[in-house]
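Below you'll find the structure, written out as structure tokens, and then a few comments.
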Amino acid sequence: MRQELMSLPKTLADDVAKNLVMVAKLLDDEPERAYEYSRVALRLASRVAAVREAAGFASYAVAKYAEALAEFRAARRMTGTADLWPVMADCERGMGRPERALAMAGEPEVQKLDRAGQVEMRLVAAGARRDMGQADAAVVTLQSPELASQSVQPWTARLRYAYADALLAVGREDEAREWFAKALEADQGGTTDASDRLAELDGVEFVDALAPEEPEELAEPEEITEPEGEEAPVEDKAGDKAGDEPEDDAEPAAEPAETAQADRPEREADGG
């Protein structure tokens, strides 16, 4: 990539490089932001193959498959390599054209791919078979020397996982469980959810220990019933029992606020 950017003026090359770095940094976790950076780089240097390829992967990550395919085709024309052939075929799948993806799997370009590229092409072809309702054919498509190999390669976990999933789709549950376990053994980077699929097949349910507990329902208060017989005397506000006559020597209530206010002008007029 650096060599390609050297054809640009230094300031422009620096700006393009900064945007491409952000695309690579955000692609997995924040694909929408990665896509935005890729569009900036594309506006700055659309004639650079690395820019078109980065724009293609950013579009692919946000499911803009038509845009991605256009960018991958442009990058392939510029470089003349077949490295992007599998992801181009997968874009055809994403656009709802699995038959085109399957046709691409039989093109001479596949023979130009390295081993990793050929495994990727096999995964895409199997996915296209399943898209077309050919589940049994998908199982056969994935059977290969790479699948049978005991060595662990970067593609091993994904290939075993895809095979397990294809087996499960045709009802071969015991074999599927075996291959999910094999995928888990090879999945050192945690790229698949093989452990979850195994647990699902085994009927294991995970409980989130950090989830807040449901509050316990409070018991309804018991209704208190008065004992049968004579009712207890009820005291009024002054503390007397209901029905008692007020005492004769009780002091009168305090003067209402209105009366106090009415007397005030006369006192002020007297100078008091």
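Note that the structure is a prediction, hence the values are computed from the model and not measured.
Between Val48 and Val16 there is no side-chain heavy-atom pair separated by less than 4.5 Å. Looking at heavy atoms from C-beta onward, Asp90 lies in side-chain contact with Tyr60 at the 4.5 angstrom threshold. In this structure, the side chains of Phe57 and Val87 come closer than 4.5 Å at one or more pairs of heavy atoms. Between Arg122 and Gln118 the shortest side-chain heavy-atom distance does not fall below 4.5 Å. Side-chain contact between Asp165 and Arg197 is present, with heavy atoms from C-beta onward closer than 4.5 Å. Residues Leu12 and Leu5 form no side-chain contact, since every pair of their non-hydrogen atoms from C-beta on lies 4.5 Å or further apart.
Residues meeting the salt bridge (charged side-chain N to carboxylate O under 4.0 Å, His left out) test with Asp131, sequence neighbours left out: Arg93.
In this structure, Arg160 contributes its side chain and Lys182 its backbone to a donor-acceptor pair below 3.5 Å. With Thr141 contributing its side chain and Ala137 its backbone, the two residues share a donor-acceptor pair below 3.5 Å. Side-chain atoms of Arg76 do not come within 3.5 Å of backbone N or O of Leu84 as any donor-acceptor pair. Panel note: side chain Asp193, backbone Asp196; no donor-acceptor pair is recorded below 3.5 Å. Looking at Asn19, its side chain never comes within 3.5 Å of a backbone N or O of Ser38 through a donor-acceptor pair. Counting only distance, with no hydrogens or angles, the side chain of Ser46 and the backbone of Arg43 share no donor-acceptor pair below 3.5 Å. Side chain of Glu4 to main chain of Ala49: a donor-acceptor pair is present (N/O by atom type, distance under 3.5 Å, no hydrogens or angles).
Atom CZ of Arg47 is surrounded by 12 or fewer heavy atoms from other residues, nucleotides or ligands within 6.0 Å. For Arg39, the CZ atom sits in a packed shell: over 12 heavy atoms of surrounding residues, nucleotides or ligands are nearer than 6.0 Å. Counting heavy atoms of neighbouring residues, nucleotides and ligands inside a 6.0 Å radius, atom CZ of Phe72 exceeds 12 of them.
Every pair passing ring pair (Phe, Tyr, Trp, His ring centres under 6.0 Å) that includes a residue from residues 135-161 is listed here, sequence neighbours excluded: Tyr161-Phe180.
To the nearest 0.5 Å, the span separating CD on Gln134 from CG on Asp136 amounts to 10.0 Å.
Checked options Lys64, Glu30, Glu67; the residue passing with Tyr35 is Glu67 (criterion: side-chain hydrogen bond (donor to acceptor under 3.5 Å, both in side chains)).
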